[in-house]
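Count residues from 1 along the sequence. Note that these values count all heavy atoms, side chains included, but never hydrogens, waters or copies made by symmetry. Just so you know, ligand 1 is whichever comes first in the structure, and atom 1 is the first atom listed for that ligand.
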Amino acid sequence: MTPVLSDGARAIQSLLTRQGLPSPSFQVVLGSGFKDALDQGIPSGFVIAAEVPFGEIPGIHPSTAPGHSGKYVFIRHRTRKLCGIIQVGRLHGYEGLEPREVVRTVMFPRELGVEHFFLTNAAGGMDPAHTTGDVMLIRDQINLSGKNPLSGSNPSRPDGTPWGPRFQDLTRLFDREWTREVSIALQSEELKVHEGVYVGVAGPAFETPAEIRFFQGIGAHAVGMSTVWETVALKHSGARVCGISLISNIAAGLSGGADGEPEELDHFAILDACKTSSTRILRAILLSVEKNCGA
Ligand code: HPA
């Protein structure tokens, strides 16, 4: 029986059919700071097959955040029946969107059967071991955004069957196997790799130094304004999730400026700091997928 699809998922499906692409099995979400990661072409054995801006998918808002153009890029493997989606740019609560609107960019592909999700973001490092350009694999998260994508009616597929239970367990939110695989690949890309807890906040203002001290005290290692909603919605749907933070800056109050005062944060300087590492992170993800997926 043909599954009932939402308008958004159907728009993606018809593009895949027109291009003669197999069903995608994985999705990489490239957050802020990762927009140039595709500029040097697509690493590994994959080629770009097609792309579509968010504005052409019913139900997905065009992105308004600087550094996030907002589109899906469809990639396929040169020799294997393996297809994936790279989501360039993501939506955020601070753009005035509700969690359910934000998570549609991953839940439409989920409707089409995508099972493996690699969620990247830029984050402020709060661990003394962090240096700008390092990577932190997300072991666990703290959602301090004040909102949850499972609030309201239990999220369901378009045919009305719930994606998951009303009270979702989050004990193993992040997939251990993918985290291990990606960690190995990141180290081969000569990136310094940490593991830790990501705290998701509402933004859009950066934090005060007092807030950063508070986050350190509650056991967080990196802070950002995204990801925590997508992870919960995806877990609820039974997908496998790997979370990857690029440490784009040291969090507020933790690094000194030349005058001895704490250094101030600047969004564009943060985006700039991501360039080298973001390309390597994307390559590491795709190499891991290539190694572990597809006939
Ligand atoms: N704080 C919040 N979000 C961020 C940061 C930060 O320091 N860096 C990148 N995204």
- request: Mind running salt bridge (Lys or Arg N to Asp or Glu O under 4.0 Å) on Arg280 and Glu190 for me, showing each step along the way?
  value: CA-CA 9 Å; Arg280 293 191 205 175; Glu190 297 185 348; 5.3 Å; no

- prompt: Just wondering, are more than 12 heavy atoms of other shown residues or ligands nearer than 6.0 Å to CZ in Arg172?
  reply: no

field: Heavy-atom pair of closest approach, residues Gly59 and Arg104
entry: O-NH1, 2.7 Å

When you pair each N or O of ligand 1 with protein N or O atoms, which pairs come out under 3.5 Å?
residue, atom, partner, partner atom, Å
ligand 1, 1 (N), Glu207, OE1, 2.8
ligand 1, 1 (N), Glu207, OE2, 3.3
ligand 1, 7 (O), Asn249, ND2, 3.0
ligand 1, 8 (N), Gly124, N, 3.4
ligand 1, 8 (N), Asn249, OD1, 2.6
ligand 1, 10 (N), Ala122, O, 3.3

- prompt: Which heavy-atom pair separates Thr120 from Gly31 by the least distance, and what is that distance?
  reply: OG1-N, 3.2 Å

message: So that I know where these two stand, are Phe46 and Phe26 an aromatic pair - ring centroids less than 6.0 Å apart?
response: yes

For Glu290, all residues meeting side chain to side chain donor-acceptor pair (under 3.5 Å), sequence neighbours excluded: His77

